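Just so you know, these numbers use all the heavy atoms, side chains as well, and skip hydrogens, waters and symmetry mates. Keep in mind that this is a model prediction, so the values were computed, not measured.
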Amino acid sequence: MTVLRLARSELKRMTGGLLPKLTILALALVPLLYGAVYLYANWDPYGKLNQIDAALVVQDSGATAADGTRLEAGRKVAESLVDGHVFNWKTVASTEEADQGVSNGTYAFALKIPQDFSANLVSPGSFDAANQAMLNVTTNDANNYLLSTIVDKLTTAVHTTVAKEVGEETANQLLTGFGTIHTQMLKASDGAGQLADGVARLHEGTVTLHQGTGELKTGATELYNGELKLRDGAASLSAGAGQLSSGLTQLKDKTAALPADAQRLADGAAQVAAGNAALNTAFNNTVQAIPGQLAAAQESAQQAAAQAQRSRVVASTSRLVAAGVLTQEQADKVVADVDATPAPPAPPAASAASAAAAASGAKLQAAAAQVQKLADGSAAVSAGAAQLAGAAPALSDAVAKASAGADQLADGSAALAAGQQNAVDGAGRLVQGAQKLDDGAAQLESGAATASDGAGTLAAELAKGAGKVPNPDDAQKNSLSKVMADPVAVSNVSQAKAGSYGAGLAPFFLTLALWIGIFMLVQAMRPVTQRALASNAPAWKIAAGGWLPFLAVSAVQASLLTLVVDVGLGLDPAHPVLMWFLMLAAAMAFSAIIQGVVALLGSPGKLVVLILLVLQLVSSGGTFPWQTTPEPLHVVHQILPMGYVVSGMRHLIYGADLALILPTMLGLVGYTLLGLAMSTVAVRKNKFWTLKTLKPEIAV
């Protein structure tokens with residue numbers, strides 16, 4: 001019995017009636033029901049997003065930029081969203097209404113543009129209160145989980161667009177500011193040069209100032225020394241003025257009675273002079289009248305006259321002394337002169353009288369001369385006393401005035417001494433201030449020198465810095481602002497690209513649908529027929545004969561699925577023929593493995609096939625890269641065939657490198673041989689019948 005006869009026999013059995021034919025047809029359409037219908041339903045879901053209602057709340061009140069331009073970013077974003085028709089946007093008045101609509105399912109999600117959206121966008125222009133502009137999104141995974149991911153992509157795109165536009169404007173303002181800085185730095189450099197010249201002149205002035213403060217310090221020291229001397233002189237003047245005032249006060253007190261005393265002296269002197277004149281006249285008359293009468297009584301008369309004369313002289317001189325005209329010494333001398341006049345000698349008896357008379361006459365003449373002198377002196381004294389009496393009031397007034405002036409002088413000299421002490425203190429402070437001023441002038445000179453050097457350095461460095469600050473023109477600003485707002489551009493070179501969402505899922509779901517379709521065949525087809533087992537054919541022929549019907553139907557499944565997806569859904573693979581061949585190779589490998597497992601294990605083998613389906617479902621990398629799965633599933637991916645078929649399908653559908661197609665084909669041949677080997681083992685095992693074979697626990 002040949003392999004083909006065994007296969008033909010099984011196919012005749014399977015198509016021996018209408019119902020079996022319909023069953024085989026239905027089984028052939030299973031991959032279409034799973035793969036093609038699923039891909040049809042999800043072929044281009046992003047193109048249908050405009051059928052999803054989304055709430056749009058615009059509360060932005062706009063803002064004025066630093067340059068005076070008006071920005072209505074919220075309104076522009078809303079208009080661009082509505083014009084883009086990505087979603088079916090519904091304008092809602094309030095955030096509460098939008099949130100309620102998302103909560104009850106009226107809206108799939110809500111996008112809210114707050115009141116300060118534009119204000120925050122222009123805030124970086126002020127550099128002092130920059131705030132991020134917010135787009136508030138409300139989603140509800142109860143509406144759809146993947147919708148949140150789609151909305152995130154949308155808001156990211158809006159964020160990128162708005163940020164780019166605003167970033168260009170901000171960058172343009174920044175670059176304009178650089179140009180302004182460049183211009184101002186040039187002006188600052190010129191100003192710094194002028195400052196350097198001025199500071200240099202200032203330094204020269206500080207040198208002169210320091211010299212002047214040095215001279216001021218020296219002069220202040222000399223002034224202080226002079227003030228010390230002046231203070232000492234003022235102190236001496238004050239002391240002398242005090243003594244003068246005291247002496248003049250005493251003199252004033254002693255001369256207060258001088259005018260009255262002088263007048264009394266003058267009056268007394270006048271009386272003495274008058275008395276002496278009368279005495280002189282009377283004496284002369286007496287001398288002339290009684291020369292002859294004195295002879296008898298010459299001695300007694302002479303004595304009496306002398307005594308009287310002396311008495312009168314003593315009395316007169318006493319009055320003169322009392323009046324202050326004569327001193328006591330002068331009065332005593334006058335009395336002594338009178339006493340010193342010698343008396344005449346006594347005459348003989350015969351001429352005693354004449355001798356006595358002659359002697360008396362001589363004495364009288366001498367006394368007369370003496371009296372005459374006294375009269376003259378008294379007249380002179382009287383005249384002097386009269387002059388003294390006349391000058392005494394003026395003298396007394398002068399002394400009083402001199403005393404008053406001395407008092408004022410004493411007061412003034414005391415005030416002068418006190419003021420001079422203040423002047424000394426002030427001069428001392430002046431010396432200290434001059435010292436500090438000189439020290440400050442020295443520091444100022446040093447600082448001015450440093451400032452002069454610094455100003456020169458500042459001017460030079462500002463000139464250098466101005467050359468390093470960019471000064472772009474309008475074209476450069478436009479170009480640079482675009483680069484600064486979007487510094488990284490992605491040059492996306494796609495070596496292989498899926499044309500749609502369905503095309504991206506096609507490799508995985510085609511492979512998965514093919515496995516499921518072949519798995520469904522074991523529900524109606526026997527892996528190994530009992531008739532073949534009863535024959536004497538080799539085990540491998542029986543195994544191959546049992547597999548070929550599975551291969552034939554799975555090839556039909558793969559061909560129908562490929563045709564419908566390519567033509568009906570418009571998959572348009574880059575290599576359609578090679579894709580069909582790979583589908584046939586996958587059908588060959590899958591059918592061999594499924595047929596071999598079920599043939600070897602019987603009914604439990606169907607559960608094993610289902611488990612293999614689940615393991616490949618999560619490890620083949622049909623949606624997310626298989627590297628993102630847990631580590632144990634990496635081993636499953638390397639062992640089971642579905643992952644290789646998915647990778648090969650992607651390369652053939654998207655037009656990627658074909659280098660791995662041949663190794664994939666050879667690998668599928670290997671999986672086919674593995675399945676046939678399991679089927680062969682099953683045949684050999686099942687050739688020996690047991691009671692369990694005749695009555696299995698679970699019917700196949």
With sequence neighbours excluded, residues passing side-chain hydrogen bond (donor to acceptor under 3.5 Å, both in side chains) with R75: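 With neighbours one apart ignored, the set is E79.
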Which residues pass the side-chain contact (heavy atoms from CB on, under 4.5 Å) test with [X], sequence neighbours left out?
| X | value |
| --- | --- |
| S61 | Q115 |
| E222 | T218 |
| D425 | Q421, N422, R429 |
| T221 | N225, V431 |

Pairs meeting criterion salt bridge (charged side-chain N to carboxylate O under 4.0 Å, His left out) with involvement of residues 228-243, two or more places apart: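 Listed by first then second residue: nothing to list.
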Counterpart residues, salt bridge (charged side-chain N to carboxylate O under 4.0 Å, His left out), relative to D99 (two or more places apart):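 Checked D99 against salt bridge (charged side-chain N to carboxylate O under 4.0 Å, His left out); matches are K112.
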Salt bridge (charged side-chain N to carboxylate O under 4.0 Å, His left out) involving E72 - partner list, sequence neighbours excluded: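 Per chain and number, E72 pairs via salt bridge (charged side-chain N to carboxylate O under 4.0 Å, His left out) with R70.
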With a 3.5 Å cut-off and sequence neighbours excluded, list the donor-acceptor pairs that the side chains of residues 434-442 form with protein atoms.
{"residue": "Q435", "atom": "NE2", "partner": "D439", "partner atom": "OD1", "Å": "3.1"}
{"residue": "D438", "atom": "OD1", "partner": "T213", "partner atom": "OG1", "Å": "2.9"}
{"residue": "D438", "atom": "OD1", "partner": "G214", "partner atom": "N", "Å": "3.2"}

Spatial distance of atom CG (N136) from atom CD1 (I113) [nearest 0.5 Å]: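 Here the rounded value is 9.5 Å.
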Which atom names give the shortest non-hydrogen contact between [X] and [Y], and what distance separates them?
| X | Y | value |
| --- | --- | --- |
| A73 | S118 | N-OG, 2.9 Å |
| D116 | D60 | C-OD1, 4.2 Å |
| L430 | A220 | CG-CB, 4.0 Å |

Beyond-backbone contact of V57 with L111, side-chain heavy atoms, under 4.5 angstrom: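 No. Closest side-chain heavy atoms not under 4.5 Å.
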